[in-house]
Amino acid sequence: MLKLDEILVTRNWVGKPVRRKEDIRLVKGEAAYVDDLNMDCYQAAILRSPYAHARISRIDLTKAGALKGVVAVLTGQEVARETKPISARAITRPATQYVMAADKVRYVGEPVAAVVAEDRYIAEDALDLIEVEYEPLKPVVTIEDALKPDAPLVFEEAGSNVLMHDKMQHGDIEQAYREADLTLKEKFKVHRYSSTPLEPWAIIANYERASDSFVVWSNDQQHGRSLTNVCNTLGIPIHKLRLIVPDIGGGFGIKLALWPYIVILSLLAKKVSKPVKWIQTRREHLLAGSHAPDANVEIELALKKDGRILGLRITDIQNDGSFVHTAGIYGLIKFATMVGCYGIKATRAELLSIVTNKAPTVQNRGVGKPTMIFALERMVDIAAKRLGLDPSEIRLRNFVKPDQMPHTTPSGEIYESGDYPECLRKALRLVGYEESKKKRDDGRKTGKYIGIGISSGVEPGTSNLGYYYTARGLPEYTGNAEGAIVGIDYDGNVNVILGSVDSGQGHATTTAQVVADMLGISPERVSTANTMDSLISPFLGHSGVYSNKFNDVDLGAVIMATKKVRDKMLKIASHMLGASVAELKLKDGKVCLAKNEEKSVSFREIASLAYKRILLLPEGVEPGLKEIAYYKNPIAKLPNREDFNIQLTHSNSVHVVVVEVDVETGTVNFLRYVIVHDCGNQINPGIVEGMVIGSTVHGIGASLLEEFVYNEEGQLLSTTFMDYLKPTAIGVPKFELGHMESACPYTLLGTKAVGEGGSLPSLAAIANAVEDALSPFGVKVTSLPITPEKVLRAVRETKEI
Amino acid sequence: MYPNRFEYFAPTSLQEALSLLSIYQDEAKLLAGGQSLLSLMKLRLANPKYLIDLGHIADLNYIRQNGDKIAIGAMTTYAQIKDSELLRKDCPLLVKTASVVGDVQVRNRGTIGGSLSHADPAADMPAAVLASGAELKAVHLNGERWIKAEEFFVTTFTTALAPNEILTEIRAPTLAGHKTIYLKAAPRPTDFAIVGIAACLRLGPNNRCEGIAMGVTGASDKAYRPQALEKALQGEKLDFYTIREAAARVTEGIEVNENIHASSGFRSHLAQVYTARAIQTAMNS
Ligand SMILES: Cc1cc2nc3c(=O)[nH]c(=O)nc-3n(C[C@H](O)[C@H](O)[C@H](O)COP(=O)(O)OP(=O)(O)OC[C@H]3O[C@@H](n4cnc5c(N)ncnc54)[C@H](O)[C@@H]3O)c2cc1C
């Protein structure tokens, strides 16, 4: 691996809170999202099932098709004839589902027909004219419903509503139980919530009749994979589809699985002579876009009396709704870091993916880790209480120690660096732990219910994409990697084309910082195209913006491509200056002699040889100054159930939260919110801070406000922002941040993940604080969200939230 | 998010608006700030064929003294109410209430007339006009009438306004010397009320209650005055226990709402807690 000194020639930009290049454009509304693309389009609208579970006995589009301005219609039956079913990744039982329901609907909001019209208003009017007769079936809504022996089957061919059931054991769990002084077990429930990016899903599809091929513009977050999925489902070779991703207005994972709609739009485009546009409405997004699954997690600790955790067992049941493509993956990703920050040596996990008549689940920020950390960190608090230990003490006793790094967990995950105990101590210092405890204890005497909650969390990044192998044969993708093209133009300025597209992370800014320090120029001279075009961009099956891979493989590719360009420039300069490459250095946009900086050639002069006066180039050097490189994470293991690293970098953080609970109204108010975060070396501390705070707010929403509420019929009751409550700027606490920088030895810049961080430990930190505040009432928190009504009921009656 | 087809009118006089309304009747909707109507139209829950925009009628937006009352034009926005010096001095309850409606954008567009006419059972303004003893002016082609706030709210989304009437003015008595407050329980600061309590008190020596008017929103199908509670406190010395005891009567005789944000039991409980807190806060203000 390249050393930092070999990569960076200056240290002027990397590590500095450089202002984001992107913001002026975004704030002024000058971004070009799919809906902003200036194209003459027809518009599509999608008819969705009003039933959670029903047979479609008749569908008639005659009236809709006859409406003036309607140009095409599509039904589920036609889709089933024209396409292959949605491919499954993790589930092991057969389950056939098409991108549009043909004979049976499996969730409220499932597409059953589509209409293309001259404008969206007409298309929506036409939906009202479609006649569908449904024979309602008994819906399966909850995990408990789905597991009943006589439960209706969501997929008859599966013979069960459990589509994946896997058991894995690592380390000597029997011994752990033999040596344990006690075991503690608890069941936790996490509800359905999700991300709601400002820009919903958006697609324009155009069919070019002459070449019998498609061009699609979409805000797809994982286009490398989507390209294959769409082409396979349509049954066309890859070269028949050109996928273009323009600006993305927020992703959070939610745009990883919009590809079934690209299939629908492609089918529609083929029927008409203009591009067809579909912009998902907010209601569609909340109804049938993408939820994180609700889950029941049973967790058991085998402990010594001194608080040491010897073994950990989980039974994790995911309500994955109805979407065979993603079903099961939450459980598999989650299990990888089930030991959290702790040096637990033996684990057993039983993972179930349940199919129900709820909406599809897609990878939402943190993919299952918020749930896992919630259960684990709650459990650790419960253990502390039982053993009479301070919640900070039990954690310190169990954390992996800095001298044990890199640490391999029982299942093979490699925690590469970090000082977990110091991270906690630092957070306790920041909050003033002893004073906070005193304030809490004094408060109780005067009827103030203050509580302190601590939670730690490992934040994995860069998925090693073979993880679903653990349940199902050899995967289609392994490892993780990304591509980049770096070019120097005639003027000596730099253009970067990435394989991924920024959806708010600041790729252009951080890329410019790194390239600037690699070439000895200022970041203003580096521009990054925020678009991907499958015809032009350097991409792989792994390409996209997900699992915090940018700092690792995306920048890795940028670095490798920049290095190629730099090497070539040095070669040309050495020829021009008549000196060996070893005698040269890069400075202020020039290559000069290290010993005599006066003697130099500018990038522009070098470019002029590379692009124009090519006859003056040294022997054997090709014209041009543009290089492509792909970079893969070096420590990804091959899929193996016994020893496998599902994610390839591991940041960590500690949240310490102080809340006051109003026991008359059930309201939880934040008094303090302290976060100490370690994501290795920071490229841009400003961006890191934004990510940490943003993701924490996401966790606060999940803990206190956001919930997709279903009734017994499987109807979603929270389909607008009046009912699905996101946290707003008013009402979130002031965050107090501390940072640590434990460089990662396996990424080129020593960086690690930062995009999900806050959304992981925040759930448990808040729950632990609430439980602490309510300890005079003996209340235990085992579920989320912590709503005022649940608090009040627990205080007065049930003793359990 | 895509409304049905409609025709749009922008009358410049009240007379013109009333004529349009009398022509199109039930098929027409008046448009004020659009903060409720447009969302309903986008969800196709409201599908008016004709939209009559009141925004171009000049003399519907004012706040002015009128004898011992303050007159507020129906098209006055929350933001204007919130920033009115006149109201701050003489009718601070309306100012306090307008300040906690929705967010800045909603307050900049939403109007008092729109809020009252819409009669959302969880809206804030109805509670305040009830507690301040306001009267509302309804105008139709052949005349006008005044409706007491208590008689204005009929049930969810239904008021005493006839289909051919436009609400043009809210007239509130000046409440100098009164203690007032509006408190709401809401999941987020910008949300509709789970319950909202407006209180307007006149206190004599020793905290004796010489006058009390309360408005409750969010609890039921409409905003209302909790008469049993008011009666229980009228003439009493307002101490902690008296207030708490009386607060239990805030939902007496009322069928309390239930939705995903609060069961009826919890909502009743919150109504009691907020009632007691509102009275105490008002007393201390
Ligand atoms: C994000 C958001 C948050 C909100 N939060 C709150 C909140 O916390 N508390 C709260 O109380 N409200 C809240 N609201 C609703 C808001 O207060 C609306 O503005 C109000 O309900 C309607 O007033 P408007 O002027 O916008 O009326 P419109 O939406 O234009 O009209 C509403 C209805 O009243 C009728 N109407 C309007 N004017 C008249 C008139 N002069 N005569 C007869 N009929 C008339 C219309 O025909 C329509 O049926 C919120 C709205 C949004 C979008």
Side-chain angles (χ1 to χ4, degrees), chain A residues 43 45 69 117 119-128 200 279-286 662-669 700-701 704-711 715-732 785 787-793 795-797, chain B residues 1-6 35-36 38-45 47 99-107 120 122-123 183-197 244 247 256-278 280:
Chain A
Q43 301 257 2
D119 64 44
R120 180 71 179 255
Y121 298 89
I122 299 173
E124 297 283 337
D125 291 346
L127 295 188
D128 291 342
I279 307 293
Q280 188 187 44
T281 64
R282 180 61 62 191
R283 188 168 178 278
E284 285 182 298
H285 186 84
L286 295 173
D662 181 332
V663 298
E664 244 186 1
T665 63
T667 319
V668 175
N669 295 306
I700 291 174
L704 302 177
L705 291 166
E706 299 177 37
E707 183 173 16
F708 290 114
V709 181
Y710 280 86
N711 70 9
Q715 292 290 341
L716 182 61
L717 304 180
S718 29
T719 60
T720 71
F721 279 154
M722 300 245 285
D723 289 321
Y724 187 77
L725 308 175
K726 303 295 293 184
T728 59
I730 325 171
V732 296
T787 60
E789 181 157 4
K790 282 163 83 184
V791 169
L792 201 79
R793 205 183 312 126
V795 166
R796 306 206 154 188
E797 302 160 34
Chain B
M1 313 293 145
Y2 296 89
N4 262 307
R5 214 161 277 273
F6 58 85
Q35 295 303 293
S36 288
L38 294 187
S39 323
L40 291 173
M41 287 172 65
K42 285 180 170 189
L43 290 166
R44 298 195 170 200
L45 294 172
N47 298 295
S99 310
V100 298
V101 174
D103 51 31
V104 177
Q105 291 92 322
V106 173
R107 291 194 292 267
D120 189 308
L183 281 189
K184 75 165 159 178
R188 300 171 299 179
T190 51
D191 280 321
F192 273 99
I194 292 178
V195 291
I197 308 286
R244 288 269 149 168
V256 177
N257 285 341
E258 176 150 81
N259 65 12
I260 60 170
H261 303 298
S263 68
S264 62
F266 181 60
R267 207 179 286 266
S268 305
H269 167 83
L270 281 183
Q272 295 173 21
V273 173
Y274 273 80
T275 298
R277 287 187 182 181
Q280 278 153 347

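The sequence lines fix the lettering, A, B, ..., with proteins before strands; numbering per chain opens at 1.
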Under 4.5 Å from a heavy atom of chain B, the part of A:T719 involved: neither
Identify, with sequence neighbours excluded, every residue that meets ring-ring contact (aromatic ring centres under 6.0 Å, His included) alongside A:Y710. none
Applying side-chain contact (heavy atoms from CB on, under 4.5 Å), run through B:H269 and A:R796 and close with a yes or a no. CA-CA 12 Å; B:H269 167 83; A:R796 306 206 154 188; 3.4 Å; yes
Chain A contact via B:A185 - which portion, at a heavy-atom distance below 4.5 Å: neither
Between the side chains of B:R44 and A:E124, is the shortest nitrogen-to-carboxylate-oxygen separation below 4.0 Å, so that they form an ion pair? no
Decide yes or no on side-chain contact (heavy atoms from CB on, under 4.5 Å) for A:D119 and B:Y2, but give the supporting numbers first. CA-CA 10 Å; A:D119 64 44; B:Y2 296 89; over 6 Å; no
Counting only non-hydrogen atoms closer than 4.5 Å, does B:S39 touch chain A with its backbone (N, CA, C, O), its side chain (CB onward), both, or neither? neither
Selection from A:N711, A:V709, A:D125 maximising heavy-atom pairs under 4.5 Å formed with chain B: A:D125
Atom group of B:R277 that falls short of 4.5 Å from chain A, counting heavy atoms: side chain
With chain B, the option among A:I730, A:L717, A:T665 that has the most non-hydrogen atom pairs under 4.5 Å is A:T665
Using a cut-off of under 4.5 Å on heavy-atom pairs, state which of B:M1, B:K42, B:R267, B:H261 scores highest against chain A. B:H261
Going through the checks in order, is the side-chain contact (heavy atoms from CB on, under 4.5 Å) test met by A:K726 and B:R188? CA-CA 9 Å; A:K726 303 295 293 184; B:R188 300 171 299 179; 4.3 Å; yes
Give, as side chain, backbone, both or neither, the part of B:P189 having an atom under 4.5 angstrom from any heavy atom of chain A. side chain
Can you tell me which portion of A:T787 sits under 4.5 Å from chain B's heavy atoms? Options are side chain, backbone, both or neither. neither
Verify side-chain contact (heavy atoms from CB on, under 4.5 Å) between B:I260 and A:E707, making sure each step is shown before the conclusion. CA-CA 10 Å; B:I260 60 170; A:E707 183 173 16; over 6 Å; no
Contacting region of B:I194 [heavy-atom separation from chain A under 4.5 Å]: neither
